[in-house]
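These figures come from a predicted structure and were not determined experimentally. Whatever order the structure lists ligands and atoms in, that order sets their numbers, starting from 1.
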Amino acid sequence: MIRLAPSILAADFANLGAEIAAAARGGADQIHVDVMDGHFVPNITIGVPVVKSLRKITSLPLDVHLMIVDPDRYIDAFIDAGADMVSVHVEVLPHLHRTITQIKKLGAKAGVVLNPSTPVSSIEEIATDVDFVLVMSVNPGFGGQVFIPGSLKKIRSVRTLLDRAGNRAPIEVDGGIDLTTVSSVVDAGAEWLVAGHAIFGSGNAEHAARALKDKAAAALK
Ligand code: DX5
Ligand code: ZN
């Protein structure tokens, strides 16, 4: 099932309530929240207090993408603040199974994220345990980057891996998703679609969200 996840990284931070409401009217299914620490990625964005505030202004699930070096330290706080999904990068986690188990124990959906250079095989042993897999289709750190075409093959490989493990967990794709790339990622097997600039950089988040979701739904048929 297609779910659209607008990334607020591209939104007007002084006007988040209105931005999210517009995306919701356009059919957003969950709100993607990019947490960056200036270490794992070069950029710094937002943290727990913002998630707590968002929880009060939207009933949409909050999809928190942790691009930080030590996610284990902050998982409790983000889930306490209202995160419904928490995704963590395999590149920083030597005890990935423990981290995923902890996220699920705290009542959130657990996702694992693969950078463009990280092999699909790195999640082979936990393929039965994940609630979703996030395939980065750009190098994390910034919005508005160009989609990396090799991500399509990777989405297909992750789908094969999950299917072999008997896990129907959805694949989320993040980076450079717009009207020109959305059909190909859906065709490759992605179901949760993150989009920042394509929605909040468009001048009309409601219309942009609806157009993207309609195009994705058409590609699914
Ligand atoms: C990048 C973030 C993305 C970003 C996507 O590091 O993880 O979620 O906001 O932005 P667009 O859709 O503009 O590529
Ligand atoms: Zn993200």
Side-chain angles (χ1 to χ4, degrees), residues 2-13 16 19-20 22-23 26-47 50-51 54 60-69 71 74 78 83-92 108-118 131-152 154-155 170-186 190-205 208-209 211-213 215-216:
I2 296 294
R3 291 181 66 89
L4 184 64
S7 163
I8 58 166
L9 186 59
D12 173 5
F13 276 25
L16 276 183
E19 294 269 66
I20 288 173
D29 297 286
Q30 60 204 44
I31 299 299
H32 188 80
V33 181
D34 288 305
V35 177
M36 305 186 187
D37 65 353
H39 293 277
F40 178 62
V41 290
N43 204 359
I44 298 176
T45 55
I46 56 182
V50 174
V51 172
L54 293 178
L60 289 175
L62 298 176
D63 167 24
V64 175
H65 175 191
L66 296 180
M67 287 161 276
I68 60 181
V69 286
Y74 299 97
F78 277 107
D84 298 282
M85 297 94 163
V86 175
S87 57
V88 292
H89 274 261
V90 304
E91 298 85 8
V92 293
K109 282 197 176 16
V112 292
V113 195
L114 301 173
N115 274 341
S117 63
T118 303
D131 291 321
F132 64 103
V133 175
L134 171 45
V135 173
M136 288 307 303
S137 42
V138 298
N139 289 293
F142 303 94
Q145 301 182 82
V146 176
F147 180 83
I148 299 171
S151 314
L152 294 174
K154 194 168 198 180
I155 292 166
I171 297 172
E172 184 171 35
V173 64
D174 186 1
I177 302 302
D178 59 20
L179 288 171
T180 69
T181 51
V182 70
S183 304
S184 58
V185 298
V186 170
E191 293 174 83
W192 292 6
L193 311 167
V194 178
H197 277 250
I199 292 177
F200 295 113
S202 70
N204 188 328
L212 207 52
K213 207 172 162 186
K215 191 138 195 200

Is there side-chain contact between L193 and V173, with at least one heavy-atom pair below 4.5 Å? yes
Does the side chain to side chain contact (heavy atoms under 4.5 Å, CB included) test come out yes or no for K109 and Q30, once each step is laid out? CA-CA 13 Å; K109 282 197 176 16; Q30 60 204 44; over 6 Å; no
Taking side chain to side chain donor-acceptor pair (under 3.5 Å) as the cut-off, I'd like each qualifying pair that reaches into residues 31-43, sequence neighbours left out, listed once. S7-D34, H32-D34, H32-D63, H32-H65, H32-D174, D34-H65
Neighbour count >12 (heavy atoms, 6.0 Å) for atom CZ, F40: yes
I would like to know whether L179 and L212 meet side chain to side chain contact (heavy atoms under 4.5 Å, CB included); could you show each step before the answer? CA-CA 6 Å; L179 288 171; L212 207 52; 4.0 Å; yes
Here the pair of heavy atoms bringing F147 nearest to L152 is CZ-CD2, 3.9 Å
Note down each nitrogen or oxygen pair, ligand 1 side and protein side, whose separation is under 3.5 Å; give only atom names and the distance to 0.1 Å.
unit_1: ligand 1; atom_1: 6 (O); unit_2: G141; atom_2: N; d: 2.7
unit_1: ligand 1; atom_1: 7 (O); unit_2: D34; atom_2: OD1; d: 3.0
unit_1: ligand 1; atom_1: 7 (O); unit_2: H65; atom_2: ND1; d: 3.3
unit_1: ligand 1; atom_1: 7 (O); unit_2: D174; atom_2: OD2; d: 2.9
unit_1: ligand 1; atom_1: 8 (O); unit_2: H32; atom_2: NE2; d: 3.4
unit_1: ligand 1; atom_1: 8 (O); unit_2: D34; atom_2: OD1; d: 3.0
unit_1: ligand 1; atom_1: 8 (O); unit_2: D34; atom_2: OD2; d: 2.8
unit_1: ligand 1; atom_1: 8 (O); unit_2: D174; atom_2: OD1; d: 2.7
unit_1: ligand 1; atom_1: 8 (O); unit_2: D174; atom_2: OD2; d: 2.9
unit_1: ligand 1; atom_1: 9 (O); unit_2: S7; atom_2: OG; d: 2.8
unit_1: ligand 1; atom_1: 9 (O); unit_2: D34; atom_2: OD2; d: 3.0
unit_1: ligand 1; atom_1: 12 (O); unit_2: G196; atom_2: N; d: 2.7
unit_1: ligand 1; atom_1: 13 (O); unit_2: G144; atom_2: N; d: 2.8
unit_1: ligand 1; atom_1: 13 (O); unit_2: H197; atom_2: N; d: 3.0
unit_1: ligand 1; atom_1: 14 (O); unit_2: G176; atom_2: N; d: 2.8

So, with waters excluded, how many protein N/O/S atoms does the Zn ion (ligand 2) have closer than 2.8 Å? 4
D178: what forms a salt bridge (Lys or Arg N to Asp or Glu O under 4.0 Å) with it, not counting sequence neighbours? none
Test T118 against M136 for side chain to side chain contact (heavy atoms under 4.5 Å, CB included), laying out the working first. CA-CA 10 Å; T118 303; M136 288 307 303; over 6 Å; no
Using every non-hydrogen atom in the two residues, find where V86 and A108 come nearest and quote the distance to one decimal. CG2-CB, 4.3 Å
